[in-house]
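These notes are about the structure you will find just below.
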Amino acid sequence: MVLCALAEVLFDIDRGHETVGIWPQGLFTEQELSVIAFSSFPDSLSQELWASSSVRDSCFAFRLRRAPGAPPHLHWVHGHVFCRCRHDERLRRGAEQRSVVLLSWLPLGSVLGPLAHLVGPLVLSYGPEALRQVFEEVQRWPPLEWGCRMELPLLGMQSLSVQLPLLTSLPSSALPAAVAAGLGQYAVQAALGGPEGEAAAAGAAAAEGGRAAENGRGVPPATAQSVHTDELPTGTAADGAGEAGGSSLAGGNGATRRSPAATPGTPGGAATPDLLIASPFKVAMALAEELDGSGLPLGMLPQAIGQVEPEASVFGDCDCFTPLRAALPQLWALWELLLLGEPLMVVAPTPGACSSAVAALLSLLAPFPYSLDWRPYFTIHDPAFARLAAGDLPTAANGLPVLLGVTNLYFLKALPNWPNVLATGHTATTAQPSSSSGGADGLARLTNGGSLHPSESAPSMVGSSIGGGISSSSSGLAASSGRLGSAAASSSTSRLGSMLRRRPASPAALLSGPVDQCWLAYKPLSRPDKTVLDRLVHPQQADDTAKWRRLAAVNSAILRRHFQELTKALLAPLLPYVLPCPPPPRQRLDPRAPPPEPPPLPSLDGDALLARLASKEAALPDALLQRFGGQKGLLHFYQRFLRSPNLVAFMHLRRIAAAEWQRQEWEAAATAAEAPMQELLTVESFFLLEQRLALARQHAATAGGGRGGSEQSEAAELAAGLQQQLQLAFSELPEDLQAVILATPSHAELLSEGGGQARAQTAAAAGAAAVQQQQQEAAA
């Protein structure tokens with residue numbers, strides 16, 4: 001489930017994008033493969049085509065919507081690309097471009113990004129046959145353990161050490177496939193074929209059975225339908241509306257014909273793999289496992305200093321400082337914008353820069369998952385572009401992409417009314433790397449699963465002073481002017497006025513020259529935190545690559561922790577609506593009464609919540625009051641936030657987890673309350689069986705005294721049956737009571753199988769002897 005397919009794509013200027021090989025085949029339609037191929041290469045205007053090095057490798061990510069006829073809950077495909085551009089002046093394009101694409105149903109950048117960086121050169125060196133080998137190796141991985149660090153083997157050469165996020169940080173549309181990956185439900189048999197595939201499938205089934213036995217949790221038949229199919233997390237309304245509107249990967253005709261092409265080097269190709277997804281009940285159980293003993297979500301627990309806590313974001317390990325360095329004072333406005341689901345376009349010179357910037361923005365929302373349509377790398381070949389170019393702005397109803405990462409400046413002309421635009425990475429084209437950073441090769445190298453070299457997206461002094469030193473408030477302006485370079489730190493008031501006059505008026509300024517800037521039509525309510533900005537340590541152009549990365553990692557951790565605390569504080573007033581009710585104490589439960597049902601979760605009333613927050617008794621976090629300038633500004637933002645489609649999806653998933661947690665805990669409490677009464681009933685039934693067995697044996701002993709043999713046989717059979725029932729009841733007694741019973745001779749005799757038979761035989765022999773003696777006396 002980590003990988004659904006691998007593909008190798010070649011760009012030919014005459015034939016266009018051509019899929020050289022794919023494994024397994026038959027999984028995507030021809031239209032889907034065409035859009036995947038177009039998304040696997042940089043745009044023709046991208047600077048990656050004009051790099052100074054003869055061979056340039058780059059990594060980036062994209063996200064596409066599948067055809068309307070795709071299997072349920074597999075409507076999205078996430079691609080991670082390793083692209084190699086080899087310059088050749090003999091070609092009309094001036095370069096040869098080949099890409100290796102890793103496709104998955106899950107947005108696991110922490111796994112697929114490093115994997116693409118390792119697998120890409122291998123596939124390009126050994127050909128399409130390596131696609132099958134890599135796919136088989138990944139399918140043999142153990143089940144994913146969400147929220148944990150795992151060591152994943154790769155072709156016996158090395159291993160990937162990855163930190164998996166919490167399950168609740170994934171988009172709701174990916175949860176059925178993600179839970180299946182956590183249970184070890186891999187579709188290996190149909191994908192691989194032959195005995196090797198059967199062995200892998202058996203291993204996966206054994207792993208799933210072992211994990212279920214370890215957890216001690218089964219799926220009771222009576223409760224398997226407790227979470228109905230219509231309660232399955234299927235994402236926001238934007239997902240369904242997008243499918244109805246035709247904004248899919250397959251294009252407008254919605255064709256579902258499978259590609260007949262066979263993978264080179266594999267005679268006959270491979271069968272289409274079965275797409276396994278988890279049931280609604282298993283999804284609910286997996287979500288409930290990410291609640292602590294009191295029912296609080298793990299991602300919402302307070303963070304202790306030095307505590308190793310689970311990753312609460314899909315993009316929690318990305319570099320969020322370097323791509324957003326030119327817009328640091330605007331991060332709080334961008335945070336608001338993403339929480340509310342407002343449209344945002346990220347313009348960057350390369351696919352790696354724009355996909356890294358999109359990942360950096362989404363990482364600031366943890367532990368709040370982004371549930372709308374985001375595209376790390378969006379091209380004009382995507383079917384949704386036609387609707388956007390027609391003037392339709394994305395909303396939760398029409399399903400159009402809300403967060404875009406683009407490199408083609410034609411988007412600025414085609415979408416002139418796009419309200420919010422962030423330009424990043426452009427000033428790197430004029431920044432020269434220092435000698436200690438490895439020269440041009442060090443500047444061109446892409447690492448960390450698609451992140452640019454730090455100096456590529458780092459603004460120069462002039463660019464950062466112009467693009468990053470502007471803020472809507474005087475405090476943000478002072479902070480940015482004091483931290484974004486030594487030249488800006490020593491600037492005077494006249495210098496700041498010159499910066500204001502030189503600020504680009506609109507995103508169309510990118511058509512004239514590169515600039516890093518943020519243009520927002522959204523009016524933010526929060527203010528930048530000068531303390532956080534002052535804590536950031538900005539690298540200098542003379543710093544080497546290792547120091548640059550260390551500073552970027554430290555700054556990213558500072559920014560993520562700050563925004564994570566803000567997001568947790570913002571969601572704290574909503575916890576009562578997603579917090580499950582624990583069962584009552586055992587003393588209050590009547591074991592003779594039917595088990596009580598858990599109460600329903602309280603419904604969210606926006607007006608009542610706003611009224612409670614507006615009261616004088618409301619204890620609002622100081623961090624939020626400082627950022628929003630008091631209670632009035634915070635309440636104004638809550639009015640917007642309660643209408644956000646992101647919040648609707650968040651509350652839906654949390655309520656599903658809370659309801660399943662309640663069901664499990666209340667059933668366990670009812671079982672624990674019934675345990676003492678059940679033990680008393682077991683002891684009582686044992687002693688009743690003893691009394692019946694003693695009477696049966698006595699009856700069998702007296703039945704032989706001159707009576708018929710049939711009555712004696714029936715009495716013996718009755719005693720034997722009671723003897724078996726008594727032994728079965730004895731096995732269910734507590735061990736201490738069993739020891740006391742065995743120590744008592746009268747009870748032990750009843751438990752022995754031969755005790756009754758010996759007594760009956762003795763009585764019968766004594767009776768026969770008495771009859772014989774009477775006959776002898778009569779004869780005498």
Apply side-chain contact (heavy atoms from CB on, under 4.5 Å) to A557 and list each qualifying residue two or more places apart in sequence or on a separate chain. none
In terms of relative ring orientation, are F41 and H17 parallel, tilted or perpendicular, with 30° and 60° separating the classes? tilted
Exam field: side chain S363 to backbone G316, donor-acceptor pair closer than 3.5 Å: no
Side-chain donor/acceptor of R560 to backbone N/O of C318, under 3.5 Å: yes
Got a donor-acceptor contact below 3.5 angstrom from the S355 side chain to the G352 backbone? yes
Set of residues satisfying side-chain contact (heavy atoms from CB on, under 4.5 Å) with respect to S34, sequence neighbours excluded: F38
W141 side chain vs V2 backbone, donor-acceptor pair below 3.5 Å: no
Heavy-atom distance under 4.5 Å between the side chains of L361 and Y370, does that happen here? no
Donor-acceptor contact below 3.5 Å, side chain S356 vs main chain A353: no
Who pairs with R86 by salt bridge (Lys or Arg N to Asp or Glu O under 4.0 Å), at least two apart in sequence or on another chain? D88, E96
Do L103 and L27 come within less than 4.5 Å of each other through their side chains, counting heavy atoms only? no
Under 4.5 Å between any side-chain heavy atoms of S58 and T350, yes or no? no
Is the backbone N or O of V421 less than 3.5 Å from a side-chain atom of Q517, with the two atoms forming a donor-acceptor pair by type? no
Listed by chain and number, what are the ring pair (Phe, Tyr, Trp, His ring centres under 6.0 Å) partners of F385, not counting sequence neighbours? F411
Beyond-backbone contact of S161 with R149, side-chain heavy atoms, under 4.5 angstrom: yes
Under a 4.0 Å N-O cut-off, is there an ion pair linking R549 with D319? no
Within the distance-only criterion (no hydrogens, no angle test), does the side chain of T424 pair as donor or acceptor with the backbone N or O of L324 below 3.5 angstrom? no
Quick check on salt bridge (Lys or Arg N to Asp or Glu O under 4.0 Å): which of R63, R387, R375 does D382 satisfy it with? R375
Just to verify, what does F62 make a ring pair (Phe, Tyr, Trp, His ring centres under 6.0 Å) with, not counting sequence neighbours? none
Output yes when a side-chain donor or acceptor of D516 lies under 3.5 Å from a complementary backbone atom of G425, and no otherwise. yes
Give a yes or no on whether the backbone of S99 and the side-chain of S40 come within a donor-acceptor separation of less than 3.5 Å. no
Under the rule for side-chain contact (heavy atoms from CB on, under 4.5 Å), what residues qualify as partners of A177, not counting sequence neighbours? M1, L74, W105, L106
Tell me whether E32 contacts the main-chain N or O of A67 through its side chain, where contact means a donor paired with an acceptor under 3.5 Å. yes
